[in-house]
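Below is one structure; the comments refer to it alone.
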Amino acid sequence: MDARDDLAEFEQARPGLLGLAYRILGSRADAEDAVQDTFLKWQANDRDDISNPTAWLTTVCTRHCLDILRSADRARVEYVGPWLPEPVQTANDEAFGHAPPDASPEHAAALASSLTTAFLLALQRLTPKERAAYLLHEIFDLPYPEVARTLDLQEPACRQLVSRARGHIERAKVRHATPPERQRQLLAAFGTAIATGSVDALAGLLSDDVRLSADGGGKVSAARRVMHGPEEVLHFIQAGLHAWWADTRLEEATINGRRGLIQYEDDVATAAVSFAWDEDGRLSDVFIMRNPDKLARIATAPAIA
């Protein structure tokens with residue numbers, strides 16, 4: 001195999017590697033670093049020693065992601081305010097929620113539900129190896145023996161990791177679909193609240209335990225705690241977001257597989273808003289990304305939605 005074939009084989013695998021790394025890490029920037037490191041190791045390795053390139057690339061990328069998570073533990077503990085995953089604009093891209101043409105309906109649904117902000121936050125509550133094992137088996141459909149080889153574990157241990165992770169994810173109730181019309185209704189009500197300060201239409205869409213989380217990373221102003229309940233959330237939107245954002249530009253976008261909003265000031269993205277719904281179609285979470293480091297790619301990286 002010559003250099004051009006090697007490059008073509010890697011580029012074919014790149015979207016899947018990027019999608020896996022992003023889901024493990026919750027950061028597109030870190031995911032891109034993990035994929036680039038995988039590419040460098042691919043270039044340096046003797047291809048004659050690799051019998052299954054896809055499995056080899058998946059293993060190298062996954063293990064590098066786990067190394068990144070270990071080194072990031074302290075930074076996460078010292079993070080200022082709520083932490084949210086880096087938002088991505090999603091499109092018909094296999095890496096970011098779009099299943100390949102030959103995927104089963106179950107696999108397609110798993111990919112689509114595994115990109116939402118709420119699902120990524122649920123993953124963050126798992127241990128790194130639980131997260132990796134769950135994603136490899138449940139989302140990317142790898143058999144247990146291959147997951148075991150990737151994580152350098154015995155197969156029974158992998159089964160236990162996936163079982164524990166599955167229990168946590170099921171209890172979090174973050175893998176149900178939200179009808180597009182419900183998403184449009186919410187966006188219209190949220191946009192009206194921002195533009196006019198009237199929250200009447202929005203109030204009827206909230207769950208009783210709705211939460212609002214804002215991630216400024218200590219770099220820009222943002223709520224330092226999670227707000228709970230309709231009264232507190234609506235007051236923040238009416239008294240805060242309306243005053244701050246009414247005269248700025250809000251554009252609808254597909255963020256992490258669901259309809260959301262990007263706020264611009266002087267053509268610079270300064271906030272991204274995504275949402276989560278409960279099983280009854282009521283708004284359960286508002287996620288506001290304000291950290292400029294996590295917004296740097298949302299307007300400049302190729303749109304993935």
Side-chain angles (χ1 to χ4, degrees), residues 10 13-45 54-88 95-96 114-140 142 144-169 172 174 213 215-219 256 289 291 293-294 296-297:
F10 182 84
R14 182 189 290 273
L17 296 175
L18 182 60
L20 172 63
Y22 173 72
R23 287 166 171 86
I24 293 175
L25 299 169
S27 164
R28 177 168 184 153
D30 288 343
E32 289 173 347
D33 288 345
V35 172
Q36 181 62 20
D37 180 81
T38 302
F39 174 65
L40 295 176
K41 290 179 178 176
W42 170 254
Q43 282 190 312
N45 204 279
T54 300
W56 188 93
L57 290 167
T58 300
T59 296
V60 171
C61 187
T62 301
R63 291 181 181 179
H64 188 66
C65 288
L66 295 178
D67 289 341
I68 291 175
L69 286 177
R70 280 190 284 269
S71 64
D73 279 348
R74 182 176 176 181
R76 184 69 60 83
V77 169
E78 297 174 350
Y79 200 81
V80 177
W83 181 94
L84 295 174
E86 180 181 346
V88 294
F96 289 92
S114 69
L115 198 65
T116 65
T117 304
F119 181 82
L120 294 175
L121 284 172
L123 287 177
Q124 296 295 318
R125 301 184 188 105
L126 307 176
T127 68
K129 285 195 173 182
E130 284 175 346
R131 195 182 315 169
Y134 179 86
L135 286 168
L136 290 168
H137 182 70
E138 298 286 298
I139 305 302
F140 289 91
L142 268 64
Y144 278 115
E146 193 168 333
V147 176
R149 286 191 293 271
T150 297
L151 298 179
D152 195 23
L153 294 172
Q154 296 297 314
E155 188 175 330
C158 277
R159 290 180 180 273
Q160 289 181 344
L161 287 174
V162 173
S163 177
R164 286 199 300 267
R166 188 188 298 121
H168 287 301
I169 296 296
V174 291
S213 308
D215 181 341
K219 300 175 183 294
N256 289 78
M289 177 55 68
N291 187 335
D293 293 344
K294 297 183 182 181
R297 292 164 182 77

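Given the structure is predicted, the values throughout are model-derived calculations rather than measurements. By convention here, the first residue in the shown sequence is residue 1.
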Can any side-chain N or O of Lys294 pair as donor or acceptor with the backbone N or O of Asp215 at less than 3.5 Å?
no
Using modelled atom types only, decide if a donor and an acceptor are shared between the side chain of Asn256 and the backbone of Leu115 within a distance under 3.5 Å.
yes
Please name all residues satisfying side chain to side chain donor-acceptor pair (under 3.5 Å) with [X], sequence neighbours left out, ordered by chain then number.
X	result
Ser213	none
Asp293	Lys219
Thr62	none

Going by the angle between their ring planes, with limits at 30° and 60°, are His137 and Tyr144 parallel, tilted or perpendicular?
parallel
Separation of [Y] [atom2] from [X] [atom1] (nearest 0.5 Å):
X	Y	atom1	atom2	result
Leu151	Lys129	CG	NZ	6.5 Å
Leu40	Asn45	CG	CG	12.5 Å
Ile139	Phe119	CD1	CZ	4.5 Å
Leu66	Arg131	CG	CZ	8.5 Å
Ser163	Tyr134	OG	OH	11.5 Å
Arg297	Glu86	CZ	CD	5.5 Å

Would you call [X] and [Y] a side-chain contact if the rule is heavy atoms closer than 4.5 Å?
X	Y	result
Ile68	Ile24	no
Tyr22	Val35	no
Leu126	Leu123	yes
Trp83	Leu121	yes
Phe140	Thr58	no
Leu136	Leu20	yes
Phe39	Leu17	no
His168	Arg125	no

Partners passing salt bridge (charged side-chain N to carboxylate O under 4.0 Å, His left out) against Glu130 (at least two apart in sequence or in another chain):
Arg164
Contacts of Arg149 meeting salt bridge (charged side-chain N to carboxylate O under 4.0 Å, His left out) (sequence neighbours excluded), chain-then-number -> none
Lys/Arg N to Asp/Glu carboxylate O, Lys41 vs Asp37, below 4.0 Å
yes
Heavy-atom pair of closest approach, residues Gly217 and Asn291:
CA-ND2, 3.7 Å
Quick one: closest heavy-atom pair of Thr150 and Arg63, and the distance?
O-NE, 2.8 Å
Let me have the donor-acceptor pairs involving side chains of residues 152-162, under 3.5 Å, with sequence neighbours excluded, atom names and distances please.
{"from": "Glu155", "atom 1": "OE2", "to": "Arg159", "atom 2": "NE", "distance (Å)": "3.3"}
{"from": "Glu155", "atom 1": "OE2", "to": "Arg159", "atom 2": "NH2", "distance (Å)": "3.0"}

